[in-house]
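If you scroll down you'll find the structure; I have some questions about it.
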Amino acid sequence: MELILTQPDDWHVHLRDGAAMQAVTPHTARQFKRAVIMPNLKPPVTTVMMALQYRERILGSLPSTCAFEPLMTLYLTDNTSAHEVSLAAQTPEIIGFKLYPAGATTNSDLGVSDLGKCRTALEAMQRLGVPLLIHGEVTDKTVDIFDREAIFIERILIPLRKDFPALKIVLEHITTRQAAQYVSEAADPIAATITPQHLLYNRNAIFSGGLRPHWYCLPVLKREEHRLALLAAATGGNTRFFLGTDTAPHARALKEHASACAGCFTGLHALELYAHAFEQAQALDKLEAFASFHGPDFYGLPRNRGIVTLKRQAWTIPEELPFLESGLVPLAAGETLNWRFSVS
Ligand code: DOR
Ligand code: ZN
């Protein structure tokens, strides 16, 4: 048995830089035609010039025959100027700005300390139709880590949308019932990406049989009721929800560490993981629209023309892939998947 799909895109990817980038980019480029590249490098990608140079390095890590298209993002800061926004709007290789609340996640220290400082940039983005991609978590230390997304919607997102109702927003890697509900019901233009780990696992996965750092990402996995709400959103056919893996490689030594880095590596087997989740929900017929149609439609880009095939064939996720000095552990390493990706 096989599933034939229009070639999908990944609307949220971390490729890193240098040797790490060389190791992971081919995985994403094998499954996806396009991918939205996150800008949280060290230093962050804050200008169009930096993004275009980064894009060249990404393309340089692939064979010249590869048709992969990186869609670049810029890292929003307190100091992002309207001029930079207007440059981004005129540069087709740039797809939008990424908002990291300062301190919310990996390499976010130079992110936004107070959205009030970004009004000029946000106003320009709204006016020029440049999307804002949001890491939606408050960083208030008094807010429980499991509540940070739901509180972000109330405290930051709703006021932001009141001030900038025409700003195009993607709420990235949503993890809660509240986010799924907000995105379903809010006025246009808003959408959300959903990762495979948040469709497949609840927070028990982080603690089952011991502390399991390879299941630790941000926003952190939530309760089962939230997983079920996300699964319903992803498989419900609503065009506002689409595929974004948030594949985020960290070397094994930094994951299996006293303060483990946040991030799940799913670049190797992204589509198979989604197929697994959709099959569990008896919604394989909804996978193609989620993976290949809703994203480009929201961003106003053409749908891909090529096709990919998923074969019903059991295979075991490898325990480790080559990556820097200590290797890279894919999400669910050693477990069996029932679908296997192949290019047609
Ligand atoms: O788990 C995560 N890892 N969440 C993020 O927001 C960032 C990412 C990373 O860059 O490692
Ligand atoms: Zn991310």
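Excluded from the calculations below are hydrogen atoms, water molecules and symmetry mates; all remaining heavy atoms, backbone and side chain alike, are included. What you are looking at is a predicted structure, and each value in this text was computed from that prediction instead of being measured.
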(message) Could you check whether any side-chain N or O of Glu69 sits under 3.5 Å from a backbone N or O of Lys33, counting only pairs where one atom can act as donor and the other as acceptor?
(response)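 Absent.
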(message) With heavy-atom distances below 4.5 Å as the criterion, would you say the side chains of Glu56 and Gln53 are in contact?
(response)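 Not touching, per the 4.5 Å side-chain cut-off.
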(message) Is the ring pair Tyr274/Phe278 parallel, tilted or perpendicular, if the boundaries are 30 and 60 degrees?
(response)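 Taking Phe278 first and then Tyr274, their aromatic rings stand perpendicular (interplane angle over 60°).
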(message) Side-chain heavy atoms nearer than 4.5 Å, only ILVMFWY residues, links allowed to pass through others: does that put Leu171 and Leu230 together?
(response)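 In one cluster: yes.
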(request) Measure across Val308 and Gln7 and return the closest heavy-atom pair with its distance rounded to 0.1 Å. (result)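 Nearest pair, atom of Val308 first, then Gln7: CG1-CG, 3.8 Å.
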(message) Exactly one of Glu325, Glu320, Glu319 should register a salt bridge (charged side-chain N to carboxylate O under 4.0 Å, His left out) with Arg252. Which one does?
(response)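 Only match with Arg252 under salt bridge (charged side-chain N to carboxylate O under 4.0 Å, His left out): Glu320.
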(request) Identify the two heavy atoms, one from Ala51 and one from Leu74, that lie closest to each other, and give their separation to 0.1 Å. (result)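 Heavy atoms of Ala51 and Leu74 come nearest at CB-CD2, 3.5 Å.
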(request) Sort out for me which residue in Thr80, Leu167, Thr120 forms a side-chain contact (heavy atoms from CB on, under 4.5 Å) with Met125. (result)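 Testing each of Thr80, Leu167, Thr120 against Met125, the sole residue satisfying side-chain contact (heavy atoms from CB on, under 4.5 Å) is Leu167.
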(message) Is any side-chain heavy atom of Asn40 closer than 4.5 Å to one of His14?
(response)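 Yes, at least one pair of side-chain atoms sits under 4.5 Å.
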(request) Please examine the side chains of Leu211 and Tyr216, heavy atoms only from C-beta on, and report whether any two atoms are closer than 4.5 Å. (result)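 No, too far: nothing below the 4.5 Å cut-off.
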(message) Under a 3.5 Å threshold, yes or no: a donor from one side chain and an acceptor from the other, between Glu288 and Thr6?
(response)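 The criterion, which ignores hydrogens and geometry beyond distance, is satisfied for Thr6 and Glu288.
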(message) Using a 6.0 Å cut-off, check whether atom CD of Glu225 has over 12 heavy atoms from anything other than its own residue.
(response)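 Yes, because the 6.0 Å sphere around CD of Glu225 holds more than 12 heavy atoms from other groups.
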(request) May I ask you to test the Asp9-Pro296 pair for a side-chain heavy-atom distance under 4.5 Å? (result)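 Contact flag for Asp9/Pro296 side chains = yes.
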(request) Check whether any side-chain N or O of Arg55 sits under 3.5 Å from a backbone N or O of Met72 as a donor-acceptor pair, and report yes or no. (result)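 No; judged by distance alone, with no hydrogens or angles, the pair does not exist.
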(message) For the OG1 atom of Thr266 and the NE2 atom of His27, what is their distance to the nearest 0.5 Å?
(response)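 Those atoms lie 11.5 Å apart.
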(message) Any heavy-atom pair between the side chains of His269 and Pro196 that's under 4.5 Å?
(response)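 SC-SC contact between Pro196 and His269 ruled out.
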(request) Please say whether the positively charged group of Arg30, taken as NZ for Lys or CZ for Arg, lies over the ring of Phe341, i.e. under 6.0 angstrom from the six-membered ring centre and within 45 degrees of the axis. (result)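 Cation-pi check for Arg30 and Phe341: fails.
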(message) So, taking the atom named NE2 in His276 and the one named CG in Leu287, what distance separates them when rounded to the nearest 0.5 Å?
(response)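 His276 NE2 to Leu287 CG: 13.0 Å, rounded to 0.5 Å.
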(message) Same cluster or not: Ile190 versus Phe293, using hydrophobic residues (I, L, V, M, F, W, Y) connected whenever any side-chain heavy atoms lie under 4.5 Å apart?
(response)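 No; tracing contacts between hydrophobic side chains, which count when under 4.5 Å, never links both residues.
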(message) For Leu221 versus Arg203, what's the shortest heavy-atom pair and its separation?
(response)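 That closest heavy-atom pairing would be O-CB, 3.3 Å.
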(message) Is there a path of hydrophobic side-chain contacts, each under 4.5 Å between heavy atoms, that joins Tyr201 and Ile145?
(response)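 Yes, one cluster joins them.
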(request) Say whether Glu256 and His214, considering side chains only, have a donor N or O and an acceptor N or O under 3.5 Å apart. (result)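 Side chains of Glu256 and His214: pair found under 3.5 Å.
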(request) Look at the aromatic rings of Phe242 and Phe298 and report parallel, tilted or perpendicular, splitting at 30° and 60°. (result)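 Phe242 vs Phe298 ring planes: tilted.
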(message) Run His135 and His173 through ring-ring contact (aromatic ring centres under 6.0 Å, His included) and show every step you take.
(response) CA-CA 8 Å; His135 183 112; His173 43 54; 4.7 Å; yes
(request) Supply the atom-to-atom distance Arg240 CZ to Glu185 CD, rounded to the nearest 0.5 angstrom. (result)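 If we round to the nearest 0.5 Å, Arg240:CZ and Glu185:CD are 9.5 Å apart.
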(message) Keeping Thr245 on the side-chain end and Thr195 on the backbone end, is there a donor-acceptor pair under 3.5 Å?
(response)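 No, Thr245 side chain to Thr195 backbone: no donor-acceptor pair under 3.5 Å.
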(message) If you compare all heavy atoms of Asp78 against all heavy atoms of Asp114, which two are closest, and at what distance to 0.1 Å?
(response)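 Taking Asp78 first and Asp114 second, the nearest heavy atoms are OD1-N, 3.9 Å.
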(message) Does atom CZ (Arg303) have a neighbourhood of more than 12 heavy atoms from anything else shown, all under 6.0 Å?
(response)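 Enclosed: over 12 neighbouring heavy atoms sit under 6.0 Å from CZ of Arg303.
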(request) Keeping the roles fixed (side chain from Ser61, backbone from Ile58), state whether a donor-acceptor pair exists under 3.5 Å. (result)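 Such a contact is found between Ser61 side chain and Ile58 backbone.
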(request) Following the transitive rule for hydrophobic clusters with a side-chain heavy-atom cut-off under 4.5 Å over Ile, Leu, Val, Met, Phe, Trp and Tyr, establish whether Val13 and Ile94 coincide in one cluster. (result)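 Yes, Val13 connects to Ile94 through the hydrophobic network.
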(request) Given side chain to side chain contact (heavy atoms under 4.5 Å, CB included), test Leu271 with Leu243 step by step and report yes or no. (result) CA-CA 9 Å; Leu271 215 49; Leu243 185 158; 4.1 Å; yes
(message) Tell me whether Arg57 contacts the main-chain N or O of Gly18 through its side chain, where contact means a donor paired with an acceptor under 3.5 Å.
(response)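 Looks like no, no N/O pair under 3.5 Å.
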(request) Check the pair Arg177, Arg223 against side chain to side chain contact (heavy atoms under 4.5 Å, CB included), reporting the backbone distance first and the verdict last. (result) CA-CA 10 Å; Arg177 174 175 53 72; Arg223 288 177 181 274; over 6 Å; no
(request) Kindly compute the distance separating CG (Leu76) from CG (Leu115), expressed to the nearest 0.5 Å. (result)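 One finds 7.5 Å between CG of Leu76 and CG of Leu115.
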(message) Is it the case that the side chain of Thr336 and the backbone of Thr316 share a donor-acceptor pair, with hydrogens and angles ignored and the cut-off at 3.5 Å?
(response)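 Not confirmed, Thr336 side chain does not pair with Thr316 backbone.
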(message) Contact between Leu337 and Trp315 at the side-chain level, heavy atoms closer than 4.5 Å - yes or no?
(response)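 Heavy-atom side-chain distance check passes, below 4.5 Å.
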(message) Quick check on the hydrophobic clustering: are Val138 and Ile174 connected, directly or via other members, by side-chain heavy-atom contacts under 4.5 Å?
(response)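 Hydrophobic grouping puts Val138 with Ile174.
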(request) Nearest 0.5 Å please: distance from the CD1 atom of Ile169 over to the CG atom of Leu160. (result)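 It is 4.5 Å, given to the nearest 0.5 Å.
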(message) Between Arg227 and Leu199 (side chain of the first, backbone of the second, donor and acceptor by atom type, cut-off under 3.5 Å), is there such a pair?
(response)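 Such a contact is found between Arg227 side chain and Leu199 backbone.
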(request) Check whether any side-chain N or O of Gln197 sits under 3.5 Å from a backbone N or O of Leu331 as a donor-acceptor pair, and report yes or no. (result)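 The answer is no, because no donor-acceptor pair under 3.5 Å joins these two groups.
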(request) Over all heavy atoms of both residues, which pair between Leu110 and Pro44 is shortest? Give the atoms and the distance, please. (result)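 In terms of heavy atoms, the two residues are closest at CD1-CD, 3.7 Å.
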(request) Walk me through it: do Leu133 and Trp11 pass the test side chain to side chain contact (heavy atoms under 4.5 Å, CB included)? (result) CA-CA 10 Å; Leu133 287 61; Trp11 301 93; over 6 Å; no
(message) Using modelled atom types and a 3.5 Å cut-off, is there a donor and acceptor pairing between side-chain atoms of Ser326 and backbone atoms of Ala253?
(response)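 Yes; at least one donor-acceptor contact below 3.5 Å.
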(message) To check you understand the geometry: which heavy-atom pair defines the closest contact between Trp215 and Ala205, and what is its length?
(response)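 Of all heavy-atom pairs spanning Trp215 and Ala205, the closest is CD1-CB, 3.4 Å.
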(request) For residues 149-169, pull every pair meeting side-chain hydrogen bond (donor to acceptor under 3.5 Å, both in side chains), keeping only residues two or more places apart or in separate chains. (result)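 Output for this query lists Arg119-Asp163, Asp140-Arg155, Glu149-Thr175, Glu149-Thr176, Arg161-Tyr182.
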(message) Run the side chain to side chain contact (heavy atoms under 4.5 Å, CB included) test on Ser86 and Leu128 for me, step by step, so that the C-alpha distance in whole Å, both residues' side-chain angles and the decisive distance to 0.1 Å come before the verdict.
(response) CA-CA 7 Å; Ser86 113; Leu128 299 170; 3.8 Å; yes
(request) Indicate yes or no: at least one non-hydrogen side-chain atom of Cys264 is less than 4.5 angstrom from one of Asp246. (result)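 SC-SC contact between Cys264 and Asp246 ruled out.
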(message) Quick check: do Thr247 and Val24 have side-chain heavy atoms less than 4.5 Å from each other?
(response)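 Contact flag for Thr247/Val24 side chains = no.
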(message) Suppose the criterion is ring pair (Phe, Tyr, Trp, His ring centres under 6.0 Å): which pairs have a residue in residues 72-130, not counting sequence neighbours?
(response)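 Checked against ring pair (Phe, Tyr, Trp, His ring centres under 6.0 Å) - neighbours excluded - the pairs reaching residues 72-130 are Tyr75-Tyr100.
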(message) Quick check against the 3.5 Å criterion: does Arg340 have a side-chain atom that pairs as donor or acceptor with the backbone of Gln313?
(response)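 Flag not set: sc Arg340 to bb Gln313 has no pair under 3.5 Å.
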(message) With rounding to the nearest 0.5 angstrom, report the NE2 to NE2 distance, His250 to His257.
(response)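 NE2 of His257 is found 12.0 Å from NE2 of His250.
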